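Protein chains get the first letters and strands the later ones, always in sequence-line order, with residue 1 at the start of each. The model shown is predicted, which means the values in this text are computed figures rather than measured ones.
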Amino acid sequence: MSKMQPVRGTHDLLPDDYRRFAHVVDTARDVARLYGYREMATPIFEFTELFARGIGETTDVVSKEMYTFKDRGDESLTLRPEYTAGICRAFVSNGELAQQLPLKVFAAGPMFRYERPQKGRQRQFHQIDLEVLGAPEPGADIEVISVAADILDRLTILDRCVLKINSLGDPESRVGYRKVLTDYYSAHVDKLSEDSRNRLARNPLRILDSKDEGDKAINANAPSFSDHLNQASRDFFKSVQDGLTAAGIAFEVDPALVRGLDYYTHTAFEFVTTHLGAQGTVLGGGRYDGLIAELGGPPTAGIGWAGGIERLMMLADEPRPLPRPVVIAPLGAAAEARALGIARGLRKQGIAVEQDYRGNMKRRMQRANKLNARAALIIGDDELAKGVAQLKDLDSGTQREVPFETLAEALKV
RNA sequence: GCGGCCGUAGCUCAGUUGGUUAGAGCGCCAGAUUGUGAUUCUGGAUGUCGCCGGUUCAAAUCCGGUCGGCCGCCCCA
């Protein structure tokens with residue numbers, strides 16, 4: 001093509017695509033509202049430090065995937081790579097939110113990560129996001145997962161997804177397990193893959209999920225997280241599982257499920273599919289009880305998830321077609337002028353009316369067909385004189401005269 | 001960031017061992033007595049063969065680079 005290409009990893013959402021995009025967001029918003037979540041939005045860029053501190057300096061997202069730049073005031077800013085940090089920052093910035101606990105919010109918008117694009121992976125992508133702040137109880141975990149399941153169900157993709165959950169424990173359990181795991185892998189470091197040797201220092205938990213055959217052999221005897229959860233963490237995880245079962249939500253416990261962002265504690269979960277190539281995760285999240293305190297706010301529990309809109313779009317059914325319009329086809333200057341008022345009156349009644357800017361009868365009828373119009377209103381000099389329009393049903397081809405005054409009634413669906 | 005595949009009309013794709021004005025289907029546009037669409041018929045335009053450079057008498061075709069897409073890894077949504 002020409003040089004007028006979009007930036008790598010970005011895409012235009014043309015009208016047909018946008019309808020499917022909006023369908024995902026609208027569906028999610030509707031379901032979230034049923035659970036009492038309120039929509040909000042935060043800025044697309046924040047101070048770089050927010051993400052560095054919130055997500056973790058050593059994570060891939062922060063260390064090599066952020067769009068970071070200096071603005072004209074020499075501030076280091078970053079295009080948000082995810083939503084949670086921004087929402088938590090907003091919670092800390094806006095004291096009144098601390099009086100609305102538990103705060104249940106829904107959000108949607110673009111995210112930015114400098115990654116190698118593939119199907120289902122773009123540099124600018126979009127997420128729907130759900131968060132509950134100020135609820136340390138497992139009931140919040142259950143509810144948040146339940147909202148996600150309902151959204152996927154309404155998008156008709158739940159049956160192609162599997163819910164995987166795991167517990168990363170509370171900080172005490174996590175620190176303890178991490179030590180045990182690091183010791184174990186350090187003893188086998190010479191047999192680990194290069195990737196996993198790098199993971200050992202950054203996030204040893206991730207080695208558990210390695211696809212390398214040699215690593216898998218070592219993993220077979222690796223200490224299990226479930227054996228190193230303290231009693232409180234164990235009870236918490238049990239409650240979440242029991243709640244999901246009670247709610248009728250199917251899940252699998254996956255001990256290898258580890259999320260890449262540092263702030264997660266306790267519950268981690270992902271809805272995964274095999275229908276998107278290498279990009280299996282459609283929606284994922286977890287609990288992050290320490291994040292808000294880490295950002296300098298009052299110690300406040302948090303749990304939430306994000307879902308990739310583009311990935312959901314690829315799986316979801318086509319949204320319902322738009323209501324079919326009526327085309328008004330005036331012939332001659334006088335009729336054209338009169339049609340403007342008639343069309344406006346019909347739209348006031350909630351009827352979608354399209355009026356061409358130009359064209360003879362044939363052209364207007366062709367346009368009507370192309371617009372998938374259900375009916376055409378033909379108004380020429382004769383009709384103008386009689387105060388009627390020819391109402392042609394474009395499916396049956398039948399046509400009848402209808403007085404201007406009763407057009408709205410004749411066109412009500 | 002690593003490894004691999006690919007790039008020809010708006011779309012899906014043909015295009016022989018390099019050879020003359022680069023093709024098809026769909027779609028688009030225009031006509032078939034100017035007040036009636038979708039069907040049918042006729043005609044038309046599709047294009048810097050992603051881009052830049054090299055080899056050659058000659059490049060869509062071979063070579064290099066670059067941009068972009070896709071697949072796997074990594075990572076994640």
Side-chain angles (χ1 to χ4, degrees), chain A residues 1-11 14 24 55 59-65 80-84 108-129 148 161 193-196 198-199 202-203 206 209-212 257-261 268-273 276-285 304-315 327 329-332 335 356 359-384 389-399:
Chain A
M1 277 306 134
S2 74
K3 284 164 190 148
M4 289 307 296
Q5 291 177 330
V7 173
R8 182 172 211 194
T10 68
H11 289 290
L14 304 185
V24 170
I55 299 171
T59 60
D60 279 18
V61 169
V62 170
S63 63
K64 51 192 194 194
E65 295 177 0
R80 63 184 181 200
E82 54 103 54
Y83 226 138
T84 304
M111 306 293 154
F112 306 84
R113 291 183 199 174
Y114 190 87
E115 291 188 278
R116 180 101 172 237
Q118 276 181 37
K119 192 204 291 191
R121 186 212 267 179
Q122 300 163 208
R123 289 182 174 181
Q124 176 177 340
F125 61 103
H126 299 78
Q127 289 184 332
I128 51 175
D129 186 277
C161 295
S193 67
E194 187 184 337
D195 276 338
S196 288
N198 291 330
R199 287 187 272 232
R202 295 184 144 190
N203 191 348
R206 192 159 283 296
D209 202 17
S210 176
K211 285 163 189 151
D212 181 86
L257 173 58
V258 177
R259 317 223 70 238
L261 313 183
F269 61 93
E270 290 183 357
F271 285 87
V272 299
T273 181
L276 288 178
Q279 273 58 244
T281 303
V282 160
L283 184 153
W305 52 250
I309 296 176
E310 285 83 358
R311 292 182 185 179
L312 293 165
M313 281 168 68
M314 287 189 275
L315 294 171
V327 157
L331 304 166
D356 263 357
N360 57 19
M361 170 76 102
K362 179 165 183 161
R363 182 195 147 81
R364 288 173 192 265
M365 292 303 287
Q366 283 177 336
R367 278 280 295 169
N369 198 61
K370 208 164 294 181
L371 292 166
N372 191 29
R374 50 191 249 252
L377 292 174
I378 298 156
I379 304 170
D381 291 339
D382 296 348
E383 286 79 11
L384 214 48
Q390 301 291 341
L391 193 171
K392 176 162 183 169
D393 182 306
L394 291 174
D395 291 328
S396 65
T398 59
Q399 187 167 315

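Listed by chain and number, the residues in a salt bridge (Lys or Arg N to Asp or Glu O under 4.0 Å) with A:Arg374 amount to none (sequence neighbours excluded). Among residues two or more places apart in sequence or in another chain, the side-chain hydrogen bond (donor to acceptor under 3.5 Å, both in side chains) test is passed with A:Glu310 by A:His126. Take A:Lys362 and apply the salt bridge (Lys or Arg N to Asp or Glu O under 4.0 Å) test, not counting sequence neighbours, and it matches no residue. Partners of A:Arg364 under the salt bridge (Lys or Arg N to Asp or Glu O under 4.0 Å) rule, at least two apart in sequence or in another chain, are A:Glu336. Applying the salt bridge (Lys or Arg N to Asp or Glu O under 4.0 Å) rule to A:Glu115 yields the partners A:Arg121; only residues at least two apart in sequence or on another chain are considered. A:Glu65 is linked by a side-chain hydrogen bond (donor to acceptor under 3.5 Å, both in side chains) to nothing, counting only residues two or more places apart in sequence or in another chain. Considering only residues two or more places apart in sequence or on other chains, A:Gln366 meets the side-chain hydrogen bond (donor to acceptor under 3.5 Å, both in side chains) condition with none of them. With sequence neighbours excluded, no residue forms a side-chain hydrogen bond (donor to acceptor under 3.5 Å, both in side chains) with A:Arg123.
A donor and an acceptor atom sit less than 3.5 Å apart, one in the side chain of A:Lys392 and one in the base of B:U36. Applying the 3.5 Å distance criterion, the base of B:C76 shares no donor-acceptor pair with the side chain of A:Arg206. No donor-acceptor contact under 3.5 Å links the side chain of A:Glu65 to the base of B:G1. Below the 3.5 angstrom threshold, one finds a donor paired with an acceptor across the side chain of A:Arg121 and the base of B:C74.
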Detail all sub-3.5 Å separations between protein N/O atoms and N/O atoms belonging to nucleotides 42-47 of chain B.
none

Report all interatomic pairs (protein N or O, nucleotide N or O of nucleotides 66-69 of chain B) with separations under 3.5 Å.
from	atom 1	to	atom 2	distance (Å)
B:C67	O2'	A:Gln5	OE1	2.8
B:G69	OP1	A:Gly9	N	2.9
B:G69	OP2	A:Arg8	NE	2.8

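Nucleotide B:G35 holds its P atom 16 Å from the CG atom of A:Leu384, rounded to whole Å. Rounded to whole Å, atom P of B:C28 lies 12 Å from atom CZ of A:Arg367. Spacing between atom CG of A:Asp60 and atom C1' of B:C74 amounts to 7 Å, rounded to whole angstrom units. One can place CG of A:Asn360 at 8 Å from P of B:G31, the figure rounded to the nearest angstrom.
Against RNA chain B, the stretch residues 368-376 of chain A makes heavy-atom approaches under 4.0 Å through A:Asn369, A:Lys370.
At a threshold of 4.5 Å between non-hydrogen side-chain atoms, the residues A:Pro81 and A:Ile55 count as touching.
Note on A:Leu283: only backbone sugar-phosphate atoms sit closer than 4.0 angstrom, heavy atoms only; bases stay farther off. When heavy atoms are screened at a 4.0 angstrom cut-off, A:Gln122 is found touching base atoms of the nucleic acid.
Of the two residues near RNA chain B, A:Gln366 and A:Arg363, the one whose nearest nucleotide lies more 5' is A:Arg363. Residue order along RNA chain B, read from the 5' end via each residue's closest nucleotide, puts A:Gln390 first among A:Gly120 and A:Gln390.
In this structure, a donor-acceptor pair under 3.5 Å is absent between the side chains of A:Gln124 and A:Thr10. Using modelled atom types and a 3.5 Å distance limit, the side chains of A:Gln127 and A:Glu82 yield no donor-acceptor pair.
Within the structure, a side-chain polar atom (N or O) of A:Lys211 is placed less than 4.0 Å from OP1 or OP2 of B:C74.
A donor-acceptor pair under 3.5 Å is absent between the side-chain atoms of A:Arg311 and the main chain of A:Gly280, judged by distance alone.
Of all nucleotides listed (B:U36, B:C75, B:G35), B:G35 comes nearest to the side chain of A:Asp382. In the set B:U36, B:C73, B:C76, B:C73 carries the atom at the smallest distance from any side-chain atom of A:Asp195.
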task: Taking Watson-Crick and G-U wobble pairs with both distances under 3.5 Å, convert RNA chain B into its dot-bracket string, 5' to 3', dots for unpaired and | for cross-strand pairs.
output: (((((((..((((.....[...)))).(((((.......))))).....(((((..]....))))))))))))....
